[in-house]
There are 2 protein chains.
Amino acid sequence: MRIVRTIHELRDALQSVRTGGSIGAARVGMVPTMGALHEGHLSLVRTARAENDCVVMSIFVNPTQFGEAADLAAYPRQEAQDVELAESAGVDLVFAPSVAEMYPTGFATAVHVSGPLTEVLEGAGRGSAHFDGVATIVSKLLLAVLPDNAYFGQKDAQQLRVVQRMTQDLGIPTRIRSCPTLRDEDGLALSSRNALLSDTERASASRIPSALTAVTAALAAGDISVSRLRAVAEEVLVGGNLDVEYVEIVDPDTFESVKFVERPALCAIAARVGTVRLIDNTLLVPQR
Amino acid sequence: MRIVRTIHELRDALQSVRTGGSIGAARVGMVPTMGALHEGHLSLVRTARAENDCVVMSIFVNPTQFGEAADLAAYPRQEAQDVELAESAGVDLVFAPSVAEMYPTGFATAVHVSGPLTEVLEGAGRGSAHFDGVATIVSKLLLAVLPDNAYFGQKDAQQLRVVQRMTQDLGIPTRIRSCPTLRDEDGLALSSRNALLSDTERASASRIPSALTAVTAALAAGDISVSRLRAVAEEVLVGGNLDVEYVEIVDPDTFESVKFVERPALCAIAARVGTVRLIDNTLLVPQR
């Protein structure tokens, strides 16, 4: 496995991949990450490995998508360990650029997706600059690699949808693939931020997936009212040491609010446990 | 020469160009236009023709870069004639999409370049949405073709610089080439909008290049003061039936104001003649 630090080296390395094969072009799969790899990331790599000839992972903690300097500073960084994990999961090429490589002096361009998709939930909670930061860095990473496929986790459902919208709108020739959320035994969705939780905080955090399960069960029992389904979630969340930021049920494509779950809808939760902000979601699919 | 209307057809056509050659990849050159072709566009095609194996021209009157509905409605459209001119100049493939092809329902993404570059001159005169419209459509067109080289006229100097900034910042793998402004015998820069001028309006319009020539002469005579050089231009412009919008001398990279022409600087003029808005510019290069 090779590690490159600049877009120039990256393109050179990909050039030999693409022209090296004896017949036809090699398919390239990409897994963009902010490092601090866990099984969730590695499951994306394994899917990419199965569907492509070459797998590129980017590791870049993108400063422009962090609203709070403290959150950026606290974000776990462990490159040596990440590189080992990436290699063992089957990555061929790691792209780990510096901030100056991605945002050189004079950089002045942003990619902006407008509408509810970037304004509600994470867009409201983390500030309007968050998804501009995401859309800009993902477009840069995709354009640096020009992969056939790029793999994102359903855990960051809104980010995934913003990336899909941006990629489709600009016509970046990459297929965006959504992969299922991985969970620990207590139900908590795998996240790099989980490493920052104490044991008691972790017990509180596990109420988030429990709330999603309770909502799914209530829907299965026939309740399609969003106000009542949200109350079901809130009842589970209350009592844990959680500072709940939102419990929302929205259209999974546009992120517009819905009143009744008559079509598939996304139930999304954000909450703070101590200083750690966690998000999770599940797709609600009504019966019949 | 082939004409395609959709990104899908365009990519199919380019795929066969790129894989059709017996040795190595064919170099693709692109000339983005809004149609109403004149010799200025055709000179871009000839440069592209000399430097590439395949020349693609896009013809698309981009609604999002027009501030005024009347300006958009009046913009000359003559596709049949454009297609003939393109073919005679050596274009291999014309991409002439509909508005719905470029901005389908649900489209929500914009590319924004910030700073003086998009805020002054044309950014101030045509509104802040103008360069967002330019940056967004040019990124879409470049991503649809992924050309090795794309050709723009120096006549739209600020647009050229916005496109260079955006392409560099996002890492679109295309070299942006700047080509000199072509002029008629009376000095007027070739522009699709010239077709809208009456004979008397045209006489007034020709004061714009005369003003640029006067500024160049004053600089050559040793005057490097921007306020005095602007006064030289204004003296030429006054008296014609011109509504002058700006006469500015700026840094050619950042478009920040300068006070003295001690390094190369761009002198740019915008003026209305009747209902027609014209722009022109020249690079001022101090002696020594």
Side-chain angles (χ1 to χ4, degrees), chain A residues 6-8 10-12 14-15 18-19 23-25 64 95 97 101-119 129 131-132 134-146 161-174 251 253-256, chain B residues 6-8 10-12 14-15 18-19 23-25 64 95 97 101-119 129 131-132 134-146 161-174 251 253-256:
Chain A
T6 69
I7 293 173
H8 186 82
L10 175 66
R11 289 202 167 128
D12 275 359
L14 287 166
Q15 180 70 9
R18 289 194 165 104
T19 58
I23 23 163
T64 69
F95 176 49
E101 174 69 12
M102 297 312 276
Y103 302 111
T105 306
F107 187 94
T109 302
V111 178
H112 174 69
V113 176
S114 57
L117 184 50
T118 54
E119 287 163 6
F131 283 120
D132 285 359
V134 168
T136 305
I137 195 65
V138 173
S139 62
K140 273 183 73 80
L141 291 167
L142 293 177
L143 291 171
V145 175
L146 287 174
R161 200 53 207 120
V162 169
V163 167
Q164 284 176 326
R165 181 84 255 166
M166 174 276 288
T167 306
Q168 181 184 332
D169 285 353
L170 294 184
I172 296 176
T174 296
D251 181 284
D253 288 329
T254 64
F255 279 65
E256 284 165 329
Chain B
T6 69
I7 293 173
H8 186 82
L10 175 66
R11 289 204 167 127
D12 275 359
L14 286 166
Q15 180 71 10
R18 288 194 165 106
T19 58
I23 22 161
T64 69
F95 176 48
E101 174 69 11
M102 298 311 276
Y103 303 111
T105 306
F107 186 94
T109 302
V111 177
H112 174 69
V113 175
S114 56
L117 184 50
T118 54
E119 287 161 8
F131 283 120
D132 285 0
V134 169
T136 304
I137 195 64
V138 174
S139 61
K140 273 183 73 82
L141 290 167
L142 293 177
L143 290 171
V145 175
L146 287 175
R161 199 54 206 121
V162 169
V163 167
Q164 284 177 325
R165 181 82 255 168
M166 175 276 289
T167 305
Q168 181 184 333
D169 285 353
L170 294 184
I172 296 176
T174 295
D251 181 284
D253 288 329
T254 64
F255 278 63
E256 285 165 330

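Labels below follow one simple rule: chain letters A, B, ... track the order of the sequence lines, proteins then strands, and each chain is numbered from 1.
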Qualifying residues under side chain to side chain donor-acceptor pair (under 3.5 Å), relative to A:T136, sequence neighbours excluded: none
If every non-hydrogen atom of B:R165 is compared with every non-hydrogen atom of A:T105, which pair is closest and at what distance? NH2-O, 4.3 Å
With chain A as the partner chain, list the residues of residues 112-119 of chain B whose heavy atoms fall under 4.5 Å from it, by residue number, and write 'none' if nothing qualifies. B:H112, B:V113, B:S114
Contact summary for B:R11 and A:G171, nearest pair of heavy atoms: NH2-O, 2.7 Å
For A:E101, check side chain to side chain donor-acceptor pair (under 3.5 Å) against everything at least two apart and list the hits. none
Starting at CG of B:L143, measure out to OG1 of A:T167 and round the result to the nearest 0.5 Å. 10.0 Å
Which atoms form the tightest heavy-atom contact between A:S139 and B:L170, and what is the distance? OG-CD2, 3.9 Å
Under the salt bridge (charged side-chain N to carboxylate O under 4.0 Å, His left out) test, which residues partner B:D12, sequence neighbours left out? none
Given a strict heavy-atom distance threshold of 4.5 Å, which part of A:L146 is in contact with chain B: side chain, backbone, both, or neither? side chain
Spell out, as yes or no, whether a donor-acceptor pair under 3.5 Å connects the side chain of A:K140 to the backbone of B:D169. yes
